[in-house]
Asks: 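Handing you this structure, nothing more for now.
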Amino acid sequence: MDGSVRTASDDGLQSYNRGNESSLVSALKTLLFFTIMMVTLPIGLYFATKAYLFEGSMKMSSSDSYFYAAIVAVLAVHVVLALFVYVAWNEGTTPKGKGKHD
């Protein structure tokens, strides 16, 4: 015996800390995912729509395709931001009927 006494409140505190760590990891994973999406999606859509959609399919001039591809990239930024706000707002909540019943 090491002389330490464990109480039920110590076990509750440890499970609470584990719950905090898992929610922190979940929040960081969410933040990392949306950070990557914020960098890659608008840039990728800009170049893809400029080259393939506006200049390729629609045969627009280079200056027009720059303009419209920039609009697509800005719209992509807004969509990613809106999705991030939605996910962050609903993170940690359980849907009705899925929670524990006491």
Side-chain angles (χ1 to χ4, degrees):
M1 290 287 193
D2 60 359
S4 64
V5 177
R6 291 185 59 158
T7 63
S9 64
D10 290 340
D11 291 336
L13 183 61
Q14 287 177 349
S15 68
Y16 175 76
N17 285 339
R18 273 185 257 128
N20 271 351
E21 288 176 16
S22 68
S23 66
L24 177 64
V25 169
S26 174
L28 289 175
K29 284 181 181 178
T30 302
L31 183 62
L32 180 63
F33 172 75
F34 281 102
T35 301
I36 291 169
M37 291 298 291
M38 182 61 77
V39 172
T40 58
L41 190 66
I43 294 171
L45 280 176
Y46 173 80
F47 288 109
T49 57
K50 180 185 178 314
Y52 299 113
L53 181 65
F54 298 122
E55 289 179 358
S57 296
M58 297 181 160
K59 307 287 188 227
M60 289 185 175
S61 68
S62 183
S63 60
D64 285 344
S65 65
Y66 285 131
F67 177 74
Y68 291 113
I71 291 174
V72 170
V74 168
L75 290 175
V77 166
H78 284 85
V79 167
V80 171
L81 282 175
L83 287 174
F84 174 73
V85 169
Y86 177 78
V87 168
W89 186 267
N90 291 321
E91 191 171 23
T93 60
T94 58
K96 286 186 176 183
K98 299 279 183 179
K100 292 182 190 177
H101 295 287
D102 292 330

Asks: Kindly confirm or rule out a cation-pi arrangement of Lys50 over Tyr66, judged by NZ or CZ under 6.0 Å from the six-membered ring centre and within 45° of its axis?
Replies: yes
Asks: Shortest non-hydrogen contact from Ser62 to Glu55?
Replies: CA-OE2, 3.6 Å
Asks: Which of these, Thr35, Val87, Val25, sits in a side chain to side chain contact (heavy atoms under 4.5 Å, CB included) with Thr30?
Replies: Val87
Asks: At their closest point, which heavy atom of Pro42 faces which heavy atom of Ala73, and how far apart are they?
Replies: O-CB, 3.6 Å
Asks: For a 4.5 angstrom cut-off between non-hydrogen side-chain atoms, does Phe54 reach Val72?
Replies: yes
Asks: How long is the straight-line distance from OG of Ser26 back to CG of Leu31, given to the nearest 0.5 Å?
Replies: 11.0 Å
Asks: Mind checking what makes side chain to side chain contact (heavy atoms under 4.5 Å, CB included) contact with Phe67, not counting sequence neighbours?
Replies: Ile71
Asks: Using side chain to side chain contact (heavy atoms under 4.5 Å, CB included) as the criterion, point out the one residue from Val74, Leu81, Val80 that pairs with Val77.
Replies: Leu81
Asks: Are more than 12 heavy atoms from other residues, nucleotides or ligands located less than 6.0 Å from atom OH of Tyr68?
Replies: no
Asks: Using a 4.5 Å cut-off on heavy atoms from C-beta on, say whether the side chain of Leu83 contacts that of Phe34.
Replies: yes
Asks: Side-chain heavy atoms nearer than 4.5 Å, only ILVMFWY residues, links allowed to pass through others: does that put Phe47 and Val79 together?
Replies: no
Asks: If Ile, Leu, Val, Met, Phe, Trp and Tyr residues are connected whenever their side-chain heavy atoms lie under 4.5 Å apart, and connections chain through other members, are Met38 and Leu45 in the same group?
Replies: yes
Asks: In the single-linkage hydrophobic clustering (I, L, V, M, F, W, Y; side-chain heavy atoms under 4.5 Å), do Leu75 and Met60 co-cluster?
Replies: yes
